[in-house]
Amino acid sequence: MQLVVATSNPGKLKELQKYLGDLNWDLVLKPQELDVEETGDTFAANARLKASEIAIATNNWAIADDSGLQVDALNGAPGVYSARYGANDSERIARLLKELGQETNRKAQFACAIAIARPDGSIALESEGVCRGEILHETRGDGGFGYDPVFFVPDSQLTFAQMSPEVKRSISHRGKALASLIPQLGKLKP
């Protein structure tokens, strides 16, 4: 059974294969020419939109996620604009740190919404996951990507960029969203 991953990013495909490898689904990247504009105002809306449009375009089951960073003191920003907060990771982090300045409330969370659509575009499953943490004043660690070097998880005393991939997978927003989705995904009948 094939499941089209609504991304052109081979890294995201590999990550999903690690989570979903034991299930009976063959994960494949969406065709390069298919692009879905993220016009939703929530992560869930964008995940549903991408899954539905890719499912219809490929006439196949599709999975999509949308995720980002929500900073309490910035009223949830950058939120759905996390990837568009700058031209690259360095610019995004610099902008975030500048906007936070010397703010003492540095609480934040990474949030992830995942949707799976049937070939007709209807949504079959959805889940969400959150990982709470705080934003440091400077980067720490060189793993991961995006905001990982400034996102500190007090329970582990590490930033996402300092964690091993296994640890990050077990506590991350995407890991939690997928963990709640996996039991349901195994029961789906194409």
Side-chain angles (χ1 to χ4, degrees), residues 1-71 76-85 89 92 108-132 144-148 151 160 165-166 168-190:
M1 297 182 293
Q2 201 168 66
L3 185 61
V4 180
V5 181
T7 185
S8 301
N9 181 341
K12 192 174 269 192
L13 175 68
K14 277 186 182 161
E15 185 179 12
L16 281 174
Q17 286 170 328
K18 285 184 175 134
Y19 284 108
L20 306 176
D22 294 339
L23 300 175
N24 233 3
W25 293 86
D26 177 28
L27 274 63
V28 296
L29 285 175
K30 75 170 181 63
Q32 193 73 35
E33 68 277 4
L34 285 181
D35 246 348
V36 179
E37 192 177 346
E38 295 180 3
T39 56
D41 58 0
T42 65
F43 297 124
N46 282 332
R48 286 192 294 269
L49 181 70
K50 292 188 285 188
S52 184
E53 288 193 25
I54 295 300
I56 291 168
T58 61
N59 193 34
N60 216 325
W61 286 79
I63 183 171
D65 80 318
D66 193 35
S67 59
L69 180 67
Q70 299 171 310
V71 180
V80 293
Y81 303 104
S82 293
R84 298 174 287 233
Y85 221 50
D89 289 347
R92 287 185 276 276
Q109 68 182 22
F110 268 117
C112 175
I114 298 175
I116 295 179
R118 298 174 185 90
D120 68 2
S122 63
I123 301 300
L125 294 175
E126 291 184 84
S127 71
E128 294 188 27
V130 168
C131 180
R132 291 290 297 169
F145 57 92
Y147 300 96
D148 288 1
F151 186 75
F160 269 5
E166 297 76 26
K168 182 181 171 189
R169 247 193 323 272
S170 71
I171 68 165
S172 77
H173 50 304
R174 186 170 290 110
K176 290 176 181 177
L178 283 163
S180 72
L181 195 71
I182 288 171
Q184 302 169 66
L185 185 57
K187 298 176 191 167
L188 277 184
K189 301 287 184 244

Next item on the list: Calculate, to the nearest 0.5 Å, the distance between atoms CG and CG belonging to Leu178 and Leu16 respectively.
Entry: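 Between Leu178 CG and Leu16 CG, I get 6.0 Å after rounding to 0.5 Å.
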
Item checked: Euclidean distance, Asp41 CG relative to Tyr81 OH, rounded to 0.5 Å ->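 The CG atom of Asp41 is 7.5 Å from OH of Tyr81, to the nearest 0.5 Å.
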
Next item on the list: Measure the acute angle between the ring planes of His173 and Phe110, then classify it against the limits of 30° and 60° as parallel, tilted or perpendicular.
Entry: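 Parallel: the ring planes of His173 and Phe110 meet at under 30°.
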
Determine yes or no for a side-chain-to-main-chain donor-acceptor pair under 3.5 angstrom, with [X] supplying the side chain and [Y] the backbone.
| X | Y | value |
| --- | --- | --- |
| Lys50 | Asp65 | yes |
| Asn46 | Phe43 | no |
| Asp66 | Ala113 | no |
| Lys176 | Val130 | yes |
| Arg118 | Ile123 | yes |

For the residue pair [X] and [Y], what are the closest heavy atoms and their distance?
| X | Y | answer |
| --- | --- | --- |
| Gly121 | Ile56 | CA-CG1, 3.6 Å |
| Tyr147 | Ser82 | OH-O, 2.8 Å |
| Cys131 | Phe160 | SG-CZ, 3.8 Å |
| Pro78 | Val71 | CD-CG2, 4.2 Å |
| Leu49 | Thr39 | CD2-OG1, 3.5 Å |
| Ala177 | Ser180 | O-OG, 3.1 Å |

Margin query: Would you say that Ile116 contacts Gln184 through its side chain, given a criterion of any heavy-atom pair below 4.5 Å between the two side chains?
Written below: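 Counting from C-beta outward, Ile116 and Gln184 never come under 4.5 Å.
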
Notebook entry, point to check: Do Ile114 and Ile63 come close enough that some side-chain heavy atom pair is under 4.5 Å?
Noted result: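 Sidechains of Ile63 and Ile114: in contact.
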
Next item on the list: For Glu15, enumerate each residue passing the side-chain contact (heavy atoms from CB on, under 4.5 Å) test, keeping only those at least two apart in sequence or located in another chain.
Entry: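 So Glu15 forms a side-chain contact (heavy atoms from CB on, under 4.5 Å) with Tyr19, Arg174.
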
Margin query: With side-chain contact (heavy atoms from CB on, under 4.5 Å) as the criterion, how do Leu20 and Trp25 come out once you've worked through the C-alpha distance, each side chain's angles and the decisive distance to 0.1 Å?
Written below: CA-CA 8 Å; Leu20 306 176; Trp25 293 86; over 6 Å; no

Next item on the list: I would like to know whether Ser52 and Arg48 meet side-chain hydrogen bond (donor to acceptor under 3.5 Å, both in side chains); could you show each step before the answer?
Entry: CA-CA 6 Å; Ser52 184; Arg48 286 192 294 269; over 6 Å; no

Checklist line | Candidates Val4, Leu3, Val28 - the one meeting side chain to side chain contact (heavy atoms under 4.5 Å, CB included) with Asn60 | finding: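 Per the side chain to side chain contact (heavy atoms under 4.5 Å, CB included) rule, the option paired with Asn60 is Val4, out of Val4, Leu3, Val28.
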
Next item on the list: Please say which of Gln17, Met1, Gln2 ends up in a side chain to side chain contact (heavy atoms under 4.5 Å, CB included) with Asp26.
Entry: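 Between Asp26 and the candidates, side chain to side chain contact (heavy atoms under 4.5 Å, CB included) is satisfied uniquely by Gln2.
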
Checklist line | Within 6.0 angstrom of Glu33 CD, more than 12 heavy atoms from elsewhere | finding: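 It does: Glu33 CD has more than 12 such atoms within range.
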
Next item on the list: Take Lys30 and Thr58, measure what side-chain contact (heavy atoms from CB on, under 4.5 Å) needs, and give me the verdict at the end.
Entry: CA-CA 8 Å; Lys30 75 170 181 63; Thr58 61; 5.7 Å; no

